[in-house]
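Read through the structure below, which is laid out as structure tokens, and then see the notes.
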Amino acid sequence: MTLENYLKQNNTNIRQMHKVSGIPETTIRGINKRDFSTWNVRYIDAIAATVGKKRTAVMRELELLKECEDSSGTLGRYNLENRRYIGNKNKLLNWISYLIEEHTDGNSFLDVFAGTGVVTKKMLSRFDSFIINDFLFSNNVIYDAFFSNMPYDSDKLLLIQKEFNKIKTNKYDDNYFSDNFGGKFFSVRDSKIIGEIRTRIENIESLNSKEKSILIASLIYSSDKIANTVGHYDAYRKKVEIPDRFNFELINPIDTSGKNIQIYRDDSNALVRKVAADVAFIDPPYNSRQYSRFYHVLEGIAKWDKPSLGGVAMKPPAENMSDYCRSSAPKVFDDLIQNLNVRYIVVTYNNTYKSKSSSSKNKITHDEILDSLDTVGKTCVFEMPFQFFNAGKSDLKDHKEFVFITEVRR
């Protein structure tokens with residue numbers, strides 16, 4: 001099934017490969033059942049044409065995928081990309097990875113604003129060393145769960161999962177989660193179970209840090225899957241009956257053996273002053289939407305510090321507020337660029353600066369990004385059309401996503 005899994009990772013399928021290559025679909029399905037080592041060059045080239053990559057890149061990625069399939073079984077339901085997150089790059093991964101493959105060089109990758117982490121995952125076959133950073137507590141625990149090299153006991157986690165799914169209500173939890181979020185983001189019954197599971201995770205002394213992160217990340221994914229929202233936690237759907245739907249499912253940690261992984265939860269501008277890499281990938285928040293506020297419920301599950309909450313959406317006191325979401329963003333971005341210790345800078349950007357919605361309006365313009373990059377090296381600009389997140393107030397025609405790649409002067 002290596003071929004089918006590879007095509008799925010690249011947002012395509014066997015049917016599309018048939019259309020692109022002209023190879024009969026029955027033949028491709030036969031290839032899918034055969035060992036990767038028996039595939040000939042014609043088939044590799046057909047795959048490359050389907051996913052839009054070079055033959056060498058496809059072969060390297062197929063080999064890594066096969067190694068992962070051989071060395072690790074499936075632990076649970078959720079893969080890294082199986083979550084809702086505004087601004088995620090899932091649909092752009094093939095294009096971004098192709099540009100990085102073609103226009104950069106080196107062995108180390110710095111993901112400055114890692115978000116969901118899917119870009120780092122996509123780059124695992126391309127680089128040996130990774131620095132992964134994001135200021136959200138929930139993202140940080142997710143990175144540790146999926147990417148860290150620390151060993152974990154699958155049998156232990158599966159037994160814990162089985163016990164958690166027997167929970168019918170809260171026994172050890174103090175009703176904090178259900179009192180605040182029950183009947184809003186989750187049903188009362190589901191919110192009691194989520195709070196109970198999080199409390200039990202905190203009280204299990206036999207867990208190492210990786211195992212604890214896996215359980216917390218699994219709770220985040222399982223909760224987000226059934227939340228009564230439109231994909232973020234700035235609001236919830238009102239006047240609807242919220243069904244009991246929660247089920248605790250585990251994530252599938254990524255095999256990063258042989259890779260050097262460093263995980264940070266730092267201010268990006270402070271981080272770049274103390275780390276170095278060959279390639280830096282930069283995808284900062286560009287508008288006024290503060291991610292720590294949009295995902296405050298998931299932040300609370302990660303931290304479990306139970307602050308006082310207020311407002312309709314039951315938010316905690318503000319923290320982790322990004323300067324990239326304020327009018328000072330151009331100055332902060334320029335400071336970041338000036339202090340990067342890298343050979344190549346890769347920046348993604350979309351053209352929402354003229355949006356009619358104030359929350360969607362970019363705080364940094366296309367020209368301001370280019371001006372900052374041009375002070376440190378030679379920049380190439382790539383663009384493609386892209387469907388943007390639309391909350392209903394933005395009416396953008398000819399929306400495009402840009403990638404700037406700068407070769408830094410030495």
Side-chain angles (χ1 to χ4, degrees), residues 1-85 88-103 116-127 146-147 154 158 218 221-222 225 247 249-259 382 384-387 401 403:
M1 305 295 285
T2 300
L3 173 57
E4 187 173 8
N5 290 336
Y6 180 75
L7 293 173
K8 184 177 180 180
Q9 284 185 0
N10 285 273
N11 303 313
T12 186
N13 52 44
I14 288 174
R15 179 67 176 167
Q16 186 62 26
M17 181 175 166
H18 157 67
K19 290 180 179 180
V20 171
S21 66
I23 299 174
E25 192 169 338
T26 53
T27 301
I28 298 174
R29 294 194 181 279
I31 299 167
N32 188 48
K33 297 177 182 178
R34 287 160 43 189
D35 187 85
F36 169 55
S37 62
T38 67
W39 301 356
N40 63 35
V41 174
R42 178 196 174 202
Y43 299 146
I44 299 294
D45 287 344
I47 298 167
T50 304
V51 301
K53 297 181 180 180
K54 285 187 174 182
R55 179 199 296 172
T56 53
V58 169
M59 291 182 67
R60 182 167 57 245
E61 291 175 357
L62 281 167
E63 288 169 356
L64 180 65
L65 177 60
K66 186 63 168 61
E67 289 175 5
C68 291
E69 290 175 343
D70 291 343
S71 62
S72 61
T74 299
L75 181 64
R77 174 181 180 180
Y78 296 115
N79 296 318
L80 181 70
E81 60 273 13
N82 298 147
R83 61 181 295 208
R84 300 175 292 179
Y85 200 81
N88 76 74
K89 292 294 179 280
N90 284 343
K91 294 182 179 179
L92 297 171
L93 284 178
N94 291 342
W95 181 52
I96 291 170
S97 65
Y98 170 78
L99 293 176
I100 292 175
E101 179 79 24
E102 289 293 303
H103 300 282
T116 59
V118 295
V119 175
T120 285
K121 179 181 177 181
K122 189 71 173 179
M123 294 295 109
L124 281 176
S125 65
R126 169 69 171 77
F127 298 93
F146 277 99
F147 292 111
S154 296
L158 289 167
S218 298
Y221 273 70
S222 298
K225 178 69 175 179
N247 191 54
E249 302 279 0
L250 293 171
I251 64 161
N252 290 312
I254 299 167
D255 182 2
T256 57
S257 56
K259 304 292 182 179
F382 308 88
M384 76 179 305
F386 184 66
Q387 180 64 42
E401 188 85 16
V403 172

Can you spot which of Ile96, Asn94, Ile100 makes a side-chain contact (heavy atoms from CB on, under 4.5 Å) with Lys122? Asn94
Using distance alone, with no hydrogens and no angle criterion, decide if Asn10 and Lys53 have a side-chain donor and acceptor under 3.5 Å apart. yes
Without hydrogens or angle criteria, can the side chains of Tyr6 and Glu61 be said to hold a donor-acceptor pair below 3.5 Å? yes
By side chain to side chain contact (heavy atoms under 4.5 Å, CB included) - contacts of Gln9 (at least two apart): Leu65
Taken in chain and number order and not counting sequence neighbours, the residues that satisfy side chain to side chain contact (heavy atoms under 4.5 Å, CB included) with Arg55 are Val41, Ile44, Asp45, Met59
Spacing of [atom1] belonging to [X] relative to [atom2] belonging to [Y], to within rounding of 0.5 Å:
X: Tyr78; Y: Leu250; atom1: OH; atom2: CG; result: 10.5 Å
X: Ile47; Y: Leu3; atom1: CD1; atom2: CG; result: 5.0 Å
X: Ile23; Y: Ile14; atom1: CD1; atom2: CD1; result: 11.5 Å
X: Leu7; Y: Ile28; atom1: CG; atom2: CD1; result: 8.0 Å

Keeping the roles fixed (side chain from [X], backbone from [Y]), state whether a donor-acceptor pair exists under 3.5 Å.
X: Lys259; Y: Phe127; value: yes
X: Asp255; Y: Ser257; value: yes
X: Ser222; Y: Glu249; value: yes

If every non-hydrogen atom of [X] is compared with every non-hydrogen atom of [Y], which pair is closest and at what distance?
X: Gly52; Y: Tyr98; answer: O-CD1, 3.5 Å
X: Trp39; Y: Ile31; answer: NE1-O, 3.2 Å
X: Leu75; Y: Pro253; answer: CD2-CD, 3.9 Å
X: Val118; Y: Glu81; answer: CG1-CB, 3.8 Å
X: Ser218; Y: Ile251; answer: OG-N, 3.0 Å

Suppose we screen for ring-ring contact (aromatic ring centres under 6.0 Å, His included). Which residues come up paired with Phe146, at least two apart in sequence or across chains? Tyr221
State which residues pass ring-ring contact (aromatic ring centres under 6.0 Å, His included) with Tyr85; sequence neighbours excluded, sorted by chain then number. Tyr291, Tyr295
Residue pairs fulfilling side chain to side chain donor-acceptor pair (under 3.5 Å) with at least one residue in residues 11-20, sequence neighbours excluded: Arg15-Glu25
Excluding sequence neighbours, so at least two apart, what forms salt bridge (Lys or Arg N to Asp or Glu O under 4.0 Å) with Glu101? Arg60, Arg126
With the side chain counted from C-beta on, respond yes when Glu401 and Leu92 share a heavy-atom pair under 4.5 Å apart, and no when they do not. yes
Would you mind reporting whether Thr116 and Leu80 have side-chain heavy atoms less than 4.5 Å apart? no
Inspect the surroundings of NZ in Lys225 and state if more than 12 heavy atoms from other residues, nucleotides or ligands are less than 6.0 Å away. no
